[in-house]
Amino acid sequence: MSLIRGKFISLEGGEGAGKSTLLAGLREHITAQRVSLVQTREPGGTPLGEAARAIVLDPAQRGMAAETELLLMFASRAQLVREVIEPALAAGQWVLCDRFTDASYAYQGGGRGQPLERIAELERWATDGLRPDLTLLLDLPVSTGRARAAGRGEADRIEVETDAFFERVRSVYRARAAAEPLRFRVIDASQPVAEVLQSALAALAPFMVEHAQ
Ligand code: Z5A
């Protein structure tokens with residue numbers, strides 16, 4: 001087992017921001033540098049988490065209370081941290097995660113209006129306060145993201161929310177990035193795919209240099 005703890009990198013952004021597209025490019029680049037990488041997602045990433053994801057995104061669960069939604073996100077996260085993320089980091093592997101706790105502040109806090117201090121308490125409890133070493137925030141206007149995401153088939157339970165909901169999500173993400181500039185890199189996600197990847201690789205460069213030493 002490696003003595004050097006791995007790096008934890010998360011990707012965040014609103015609907016259609018291009019996380020999945022960027023993840024593929026990042027994964028290719030990171031593994032080419034002979035870094036052992038675990039890619040995962042939230043909600044999900046474990047059998048329990050994927051079951052929670054299916055419930056939380058199911059359009060049939062129309063009556064889900066905001067508190068239930070928040071707890072399901074953290075139930076998935078608590079399991080993912082213990083089953084996947086912490087063991088990987090301790091073994092020296094890097095973890096690339098499609099969303100993490102910032103998404104709960106943005107969606108359940110900003111979008112649903114759940115108190116941010118309640119989310120902070122859950123974060124301390126469910127994740128032992130684990131935060132990524134680097135968070136790439138793919139930022140773009142809500143209308144652009146929604147236009148990109150349109151036509152993918154039936155919208156999930158969260159995708160059917162209003163533009164105002166997604167504007168609040170975006171504004172919490174941007175506020176968190178401004179409050180933690182050392183951890184966050186905000187990337188203009190309205191750029192072409194190749195340029196988004198270049199911006200992400202530039203943010204990753206210091207970690208790559210450290211790895212090579
Ligand atoms: N959620 C929550 O509420 N609370 C939490 O704590 C967590 C999550 C963890 C599932 O997330 C939902 O869970 C999500 C937040 C909530 N709900 N919503 N809405 P998800 O990440 O699995 O799903 P998503 O946010 O719906 O992701 P997405 O819409 O699939 O977007 P994406 O992965 O960022 O985008 P993409 O698939 O890469 O790209 C979308 C399209 O745009 C596609 O056709 C691409 O080819 C195109 N694209 C991508 N990049 C570009 C550029 N640069 N230019 C032009 N076109 C592009």
Side-chain angles (χ1 to χ4, degrees), residues 10-27 39-46 49-50 52-59 61 64-81 84-85 96-114 116 118-120 122-123 126-127 130-132 135-170 172-173 176 187-200:
S10 65
L11 263 72
E12 300 282 358
E15 200 192 353
K19 293 178 289 90
S20 311
T21 306
L22 176 61
L23 273 164
L26 277 181
R27 184 191 181 94
Q39 185 181 326
T40 189
R41 70 172 181 177
E42 282 208 336
T46 65
E50 291 296 328
R53 180 187 180 95
I55 296 170
V56 87
L57 298 182
D58 182 357
Q61 298 288 347
M64 187 181 296
E67 289 80 0
T68 309
E69 181 180 281
L70 177 61
L71 288 167
L72 283 169
M73 296 298 178
F74 271 98
S76 170
R77 184 166 299 130
Q79 191 65 28
L80 185 68
V81 166
V84 176
I85 298 179
L96 191 53
C97 195
D98 189 345
R99 300 193 186 279
F100 196 60
T101 310
D102 295 299
S104 292
Y105 283 98
Y107 283 82
Q108 283 65 55
R112 301 278 189 229
Q114 288 293 293
L116 298 183
R118 178 176 297 167
I119 300 173
L122 282 169
E123 180 182 18
T127 73
L130 175 70
R131 289 210 169 155
T135 296
L136 301 172
L137 173 58
L138 299 187
D139 181 59
L140 85 171
V142 168
S143 55
T144 313
R146 298 203 90 176
R148 282 185 191 170
R152 281 192 303 198
E154 191 190 6
D156 68 37
R157 200 183 54 83
I158 296 177
E159 285 169 345
V160 297
E161 283 300 334
T162 61
D163 284 355
F165 174 97
F166 288 106
E167 292 290 358
R168 294 195 297 277
V169 168
R170 184 183 187 200
V172 171
Y173 268 136
R176 291 184 66 72
I187 294 175
D188 175 1
S190 61
Q191 302 175 98
V193 172
E195 286 170 35
V196 171
L197 177 60
Q198 282 315 310
S199 303

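This chain uses plain numbering: 1 for the first residue, then up along the sequence. Note that the coordinates shown come from a computational prediction; the quantities given were computed from them, not determined experimentally. Order of appearance sets the numbers: ligands from 1, and atoms from 1 within every ligand.
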Quick test of your reading of the model: are [X] and [Y] salt-bridged, counting only N-O distances below 4.0 Å?
{"X": "Glu50", "Y": "Arg41", "answer": "yes"}
{"X": "Arg148", "Y": "Glu15", "answer": "no"}
{"X": "Glu12", "Y": "Arg176", "answer": "no"}
{"X": "Arg157", "Y": "Asp58", "answer": "no"}

Quiz item: Considering only heavy atoms, which protein residues lie less than 4.0 Å from any atom of ligand 1?
Solution: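 Near ligand 1, by chain and number: Glu15, Gly16, Ala17, Gly18, Lys19, Ser20, Thr21, Glu42, Pro43, Arg53, Leu57, Met73, Arg77, Asp98, Arg99, Ala103, Ser104, Tyr107, Gln108, Arg148, Arg152, Ile158, Glu159, Phe166, Ala189, Gln191, Pro192, Val193.
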Distance-only donor-acceptor hits, side chain of residues 136-145, under 3.5 Å, sequence neighbours excluded:
unit_1: Asp139; atom_1: OD1; unit_2: Arg170; atom_2: NE; d: 2.8
unit_1: Asp139; atom_1: OD2; unit_2: Arg170; atom_2: NH2; d: 3.0
unit_1: Asp139; atom_1: OD2; unit_2: Arg174; atom_2: NH1; d: 2.7

Practice problem: Establish, yes or no, whether the cationic atom of Arg112 lies under 6.0 Å from the six-membered ring centre of Tyr107 and within 45° of the ring axis. | Solution: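 No, a cation-pi geometry is absent between Arg112 and Tyr107.
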